[in-house]
Amino acid sequence: METAVKAKGDVKDISLADQGKRKIEWANQHMPVLQLIRKRFIKEQPLKGIRMAACLHVTTETANLAITLRDGGADLVVCGSNPLSTQDDTAASLIKDYGIPTYAIKGEDNATYYAHIAAALDHKPQITMDDGADLVTQLLTKRTELVKGVIGGTEETTTGVIRLRAMSKDGTLKFPVIAVNDALTKHFFDNRYGTGQSTLDGVIRATNLLLAGLKVVVAGYGWCGRGVAMRAKGHGADVIITEIDPTKGIEAVMDGFRVMPMADAAKQGDIFITVTGNKDVIRAEHFEAMKSGAVVCNSGHFNVEIDIPALEKLSSGKREVRPLVDEYLLKDGRKVYLLGEGRLVNLATAEGHPAAVMDMSFANQALSAEYLLQNYKQLKPQVYVVPQNLDKEIARLKLDSMGHKLDKLTAEQEHYLASWQEGT
Ligand SMILES: NC(=O)c1ccc[n+]([C@@H]2O[C@H](COP(=O)([O-])OP(=O)(O)OC[C@H]3O[C@@H](n4cnc5c(N)ncnc54)[C@H](O)[C@@H]3O)[C@@H](O)[C@H]2O)c1
């Protein structure tokens with residue numbers, strides 16, 4: 001499928017491309033639904049000639065989405081959606097082997113991160129694809145001259161959808177955006193099983209700690225938090241949940257976890273993982289209460305869940321003891337360890353979600369781009385959910401690919417479910 005076209009972009013080292021290509025091909029094997037969509041896209045060319053910019057975590061799974069969009073006819077550029085989540089070999093391969101201009105370097109500073117987003121916007125996208133809404137935010141605030149050319153966009157994650165709904169409410173949003181995150185085949189699986197497994201993978205790869213017997217505090221019992229807590233329990237950890245929502249709190253209790261305020265959890269935890277989408281969830285008073293040796297990390301979208309400036313203020317020194325494990329020496333002699341600079345730990349110190357789960361998330365992305373193109377004339381500048389028929393179709397294809405079959409409703413059952421007179 002590769003074009004070997006020399007594309008533009010800004011990556012760490014183009015000579016990493018061969019390694020990246022092998023990893024992209026490995027991920028592709030675990031993305032059967034996306035493969036089916038790609039086959040159809042090659043034939044039907046639904047995105048032919050459409051300029052697209054995708055601001056996503058530049059991973060092997062994203063590469064397969066990008067190749068699918070390109071094969072569907074899109075004229076695509078890619079940039080990173082987080083300064084620490086880029087896989088440099090994947091980024092190199094996207095340019096060298098697949099001819100897709102890519103702007104992303106792992107560890108880039110903030111100025112480079114935004115310069116890369118600006119480069120993607122220079123492509124004058126008609127469709128935007130975001131993970132966290134940074135591309136659309138830059139477009140709507142700094143590059144307003146581009147708005148008239150935009151048909152619509154898609155958004156991958158909870159935090160991005162929250163930002164876009166706020167923009168829609170105050171009239172800032174100027175084109176329709178499909179909330180891919182809100183598809184059931186996205187957040188039921190990606191946020192829960194993907195974040196669950198890969199977050200613990202990140203903690204383990206960074207620290208090599210044995211989780212069995214440790215107290216793991218998970219802040220937030222939403223889709224991601226449920227997954228992280230479930231997998232930490234599976235490792236034999238004693239899991240404590242902090243929440244602000246009573247329904248989520250009672251769910252966590254009935255799932256067998258202890259629920260308490262962070263002020264209490266801070267004294268007990270060995271490892272802290274935030275996944276709330278909120279800010280300052282772990283702050284000065286919590287660091288002051290922690291045991292020496294506590295490990296703190298975040299798997300929510302932005303690096304604001306842990307108040308890092310407060311940790312720095314409490315500390316007399318800092319050193320990196322392992323890659324992306326910073327030891328903060330507190331003035332009273334205790335040590336607190338921060339993973340991945342407080343950025344998404346599953347992407348910073350591991351490889352993000354496994355391909356099998358991104359298969360469904362990115363099937364939603366590809367089909368949503370096609371849907372936007374077919375329907376944008378009827379859509380308003382607001383946030384839309386992925387149509388239910390697409391969501392169900394993705395679940396059906398995934399089940400098929402895994403060799404599972406469902407029952408079918410009989411005619412009598414269909415009638416029974418549709419009629420209020422039945423059952424009397
Ligand atoms: N790491 C990843 O790869 C990945 C994947 C998907 C989503 N995300 C991000 O993870 C975050 C959570 O996503 P989600 O889908 O679980 O959202 P969600 O809305 O389902 O869950 C968030 C939970 O956090 C709780 N919460 C809010 N403030 C809190 C506080 N101060 N203390 C304790 N709990 C609090 C909420 O009540 C809610 O239950 C978002 O930022 C999302 O973008 C990350």
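Start at 1 and go down the list; that is how both ligands and their atoms are numbered.
- Checked by atom type and distance alone, the side chain of Arg143 never pairs as donor or acceptor with a backbone atom of Gln138 at under 3.5 Å.
- Nearest protein neighbour of atom 44 (C) of ligand 1, counting heavy atoms only, is Ser299 O, 3.2 Å.
- Of the heavy atoms in Asn346, only side-chain atoms (C-beta onward) come closer than 4.0 Å to ligand 1.
- Residue contacts with ligand 1 leave out His187, since none of its heavy atoms falls under 4.0 Å from the ligand.
- When Ile244, Asp245, Asn298 are checked for heavy-atom proximity to atom 32 (N) of ligand 1, Ile244 turns out nearest.
- Atoms of ligand 1 lying under 4.0 Å from at least one heavy atom of Lys248, given by number and element, are 38 (C), 39 (O).
- The protein heavy-atom contact nearest to atom 7 (C) of ligand 1 is Thr157 OG1, 3.2 Å.
- Side-chain polar atoms of Thr90 and Ser93 form no donor-acceptor pair below 3.5 angstrom.
- Taking atom 41 (O) of ligand 1 as the reference point, the nearest protein heavy-atom neighbour is Thr159 OG1, 2.5 Å.
- Protein heavy atom closest to atom 28 (N) of ligand 1, with residue, atom name and distance, is Asn278 ND2, 3.1 Å.
- Every residue two or more places apart in sequence or in another chain was checked for a ring pair (Phe, Tyr, Trp, His ring centres under 6.0 Å) with Phe41, and none qualifies.
- Residue Lys335 places its NZ atom among 12 or fewer non-hydrogen atoms of other residues, nucleotides or ligands, all under 6.0 Å distant.
- Between the CG atom in Leu56 and the CG atom in Asp134 there is a gap of 11.5 Å [rounded to 0.5 Å].
- Using 4.0 Å as the threshold, Met262 has no heavy atom nearer than that to any atom of ligand 1.
- Heavy-atom proximity to Gly277, at under 4.0 Å, picks out these atoms of ligand 1: 11 (C), 40 (C), 41 (O).
- Among all non-hydrogen protein atoms, the one lying nearest atom 14 (P) of ligand 1 is Thr158 OG1, 3.6 Å.
- Around the CD atom of Gln378, the shell of radius 6.0 Å holds more than 12 heavy atoms that belong to other residues, nucleotides or ligands.
- The distance from ligand 1 to the heavy atoms of Asn191 drops below 4.0 Å at these ligand atoms: 6 (C), 7 (C), 15 (O).
- Using modelled atom types and a 3.5 Å distance limit, the side chains of Ser368 and Asn364 yield no donor-acceptor pair.
- Counting only heavy atoms of the protein, atom 9 (C) of ligand 1 lies nearest to His301 N, 3.7 Å.
- In Glu243, the parts holding a heavy atom less than 4.0 Å from any atom of ligand 1 are both the side chain and the backbone.
- Tyr103 and His116 have tilted rings, their planes meeting at an angle from 30° to 60° on a 0 to 90° scale.
- Closest to atom 20 (O) of ligand 1, if we only count protein heavy atoms, is Trp223 N, 3.1 Å.
- Taking only nitrogen or oxygen atoms, main chain and side chain alike, Cys224 reaches within less than 3.5 Å of ligand 1.
- In this structure, atom 5 (C) of ligand 1 lies nearest to the protein heavy atom Thr195 OG1, 3.2 Å.
- One side chain, Ser85 or His57, offers a donor N or O that lies under 3.5 Å from an acceptor on the other.
- One side chain, Glu156 or Gln365, offers a donor N or O that lies under 3.5 Å from an acceptor on the other.
- With ligand atoms numbered from 1 in the order given, ligand 1 contributes 33 (C), 34 (N) to contacts under 4.0 Å with heavy atoms of Thr242.
- A cation-pi arrangement is not found for Lys279 relative to Phe302, the charged atom failing to lie both closer than 6.0 Å to the ring centre and inside a 45° cone about the ring normal.
- Both the backbone and the side chain of Thr276 come within 4.0 Å of ligand 1, judged by heavy-atom distances.
- Remark: the His353 side chain and the Glu61 side chain contain no N/O donor-acceptor pair separated by less than 3.5 Å.
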